[in-house]
Amino acid sequence: MYIVRPKKKFGQHFLKNKTIANRISKGIDTAVCPRVLEIGPGMGILTSELLQQNIQLKVIEIDRESVQYLKEKALIPEENIIEGDFLHTNITDIFNEQEFSIIGNFPYNISSQIVFKAIENRTFVPQLSGMFQREMARRICSPKGSKEYGIISVLTQAFYDTTYNFTVHEQEFNPPPKVKSGVITLTRKANHTLPCNEKLFFTVVKTAFNQRRKTLDNSLKKLLIGNKLDKKFGTLRPEQLSVLDFIEITNYVNKKQKGGSHAI
Ligand code: SAH
């Protein structure tokens with residue numbers, strides 16, 4: 001049987017190792033949700049492993065040649081193959097407004113956008129597991145205080161528990177990528193609403209990390225409109241703050257912006 005020619009523009013690196021595909025497929029817990037969407041099945045190596053589990057599987061693939069291949073191979077019923085761009089697909093269209101988990105050996109060029117889309121639509125996404133560039137995988141899972149802790153860590157960890165599962169080497173792919181890969185699992189927290197204005201929370205986190213070497217009193221100056229943070233935060237840098245700290249700061253900024261005068 002022919003194989004799909006890997007295309008750079010779609011971030012295609014096809015996994016060669018079935019054992020690794022099997023390990024990736026175990027990243028989602030079917031008890032959390034029986035419906036699963038695989039993003040970017042390519043030639044279906046991970047799809048085959050997922051089909052061994054008792055789940056309702058759909059796949060979404062942007063590359064027409066891969067879609068053609070999957071259809072000819074008849075690995076998965078045609079009605080469960082969506083040809084399209086995940087980033088431009090309505091989450092509620094995929095499983096008829098029901099929630100579903102996401103899995104994939106993600107195209108690296110859009111992997112952070114996949115996570116942000118999941119976060120935005122978290123009421124529909126109880127779990128997400130898959131392969132990222134190792135650096136990105138680490139960043140998403142890293143705890144406060146580490147060098148890798150940044151915007152995507154805080155925004156993900158505000159809503160999901162994160163686990164780094166394992167590393168995959170370059171030679172396991174065709175063509176091999178330039179960097180190692182990491183497989184992670186995000187599991188939605190029982191309470192995934194924040195006790196603060198969420199839009200402002202996103203703004204505070206992004207603003208603080210965009211000038212990560214400044215203290216918070218400096219980086220958040222504009223948002224604070226002339227006020228200073230409480231002593232315990234003002235002289236810190238963003239990587240020293242937990243999700244809860246960012247929530248507290250968001251509520252403080254919110255009060256100041258509304259003209260209130262309460263300290264934290
Ligand atoms: N899962 C396969 C392929 C991984 S490569 C394997 O492990 O071998 C990433 C896959 O994502 C490719 O098949 C690529 O065509 C697909 N892809 C890239 N961008 C996409 C998008 N926006 N929406 C859906 N699929 C996409």
Side-chain angles (χ1 to χ4, degrees), residues 1-28 35-53 55 57-76 78-95 100-121 124-125 128-134 136-137 165-185:
M1 192 167 189
Y2 73 94
I3 61 157
V4 174
R5 180 177 47 88
K7 298 167 205 69
K8 212 172 171 177
K9 67 172 171 178
F10 294 137
Q12 290 177 335
H13 295 278
F14 296 117
L15 188 62
K16 298 188 289 189
N17 187 324
K18 216 169 137 61
T19 311
I20 295 176
N22 183 267
R23 283 178 76 194
I24 298 173
S25 74
K26 303 275 165 56
I28 42 152
R35 287 169 300 279
V36 179
L37 175 72
E38 184 192 351
I39 300 175
M43 286 188 283
I45 184 164
L46 176 58
T47 318
S48 306
E49 300 304 318
L50 289 165
L51 287 166
Q52 310 292 322
Q53 303 185 39
I55 54 171
L57 181 68
K58 292 193 182 193
V59 301
I60 184 164
E61 173 57 66
I62 199 171
D63 175 31
R64 174 155 295 174
E65 194 187 350
S66 295
V67 169
Q68 203 56 41
Y69 179 95
L70 291 170
K71 286 184 177 168
E72 280 176 32
K73 210 171 164 193
L75 187 66
I76 173 167
E78 284 202 15
E79 66 266 27
N80 294 334
I81 304 177
I82 305 166
E83 181 175 342
D85 180 344
F86 171 70
L87 297 179
H88 292 114
T89 302
N90 258 335
I91 288 275
T92 49
D93 290 347
I94 296 173
F95 277 98
F100 58 88
S101 296
I102 292 176
I103 195 161
N105 168 7
F106 300 127
Y108 295 144
N109 49 341
I110 62 160
S111 63
S112 60
Q113 292 172 73
I114 291 173
V115 172
F116 286 124
K117 183 161 178 161
I119 292 172
E120 228 174 88
N121 293 284
F124 291 102
V125 185
L128 179 151
S129 182
M131 185 130 64
F132 294 76
Q133 288 193 355
R134 185 173 61 172
M136 175 65 69
N165 301 339
F166 59 93
T167 298
V168 181
H169 294 270
E170 297 87 328
Q171 320 80 263
E172 306 291 358
F173 300 89
N174 173 40
K178 292 207 169 66
V179 291
K180 295 202 185 336
S181 303
V183 178
I184 63 175
T185 297

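Residues: numbered from 1 along the sequence shown. Counting starts at 1 for both ligands and their atoms, in listed order.
Taken to the nearest 0.5 Å, the CD atom of E49 stands 10.5 Å off from the CD1 atom of I103.
Among residues two or more places apart in sequence or in another chain, the side-chain contact (heavy atoms from CB on, under 4.5 Å) test is passed with N109 by P107. Remark: R5 pairs with no residue by the salt bridge (charged side-chain N to carboxylate O under 4.0 Å, His left out) rule, at least two apart or across chains.
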Using distance only, find each side-chain donor-acceptor pair of residues 41-48 under 3.5 Å and give its atom names and separation, not counting sequence neighbours.
unit_1	atom_1	unit_2	atom_2	d
T47	OG1	E38	OE1	2.7
S48	OG	G44	O	3.0

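Within the cation-pi definition used here (under 6.0 Å to the ring centroid, within 45° of the axis), K117 qualifies as a partner of F86.
In this pair, F100 and F95 present their aromatic rings tilted. The plane angle is within the 30 to 60° band.
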Tabulate distances under 3.5 Å between N/O atoms of ligand 1 and N/O atoms of the protein, writing both atom names on each line.
unit_1	atom_1	unit_2	atom_2	d
ligand 1	1 (N)	G40	O	2.8
ligand 1	1 (N)	P41	O	3.4
ligand 1	7 (O)	N105	ND2	2.7
ligand 1	8 (O)	L15	N	2.9
ligand 1	13 (O)	G42	N	3.4
ligand 1	13 (O)	E61	OE1	2.8
ligand 1	13 (O)	E61	OE2	3.4
ligand 1	15 (O)	Q12	NE2	2.9
ligand 1	15 (O)	E61	OE2	2.5
ligand 1	22 (N)	D85	OD1	2.7
ligand 1	23 (N)	F86	N	3.0
ligand 1	25 (N)	I62	N	3.4

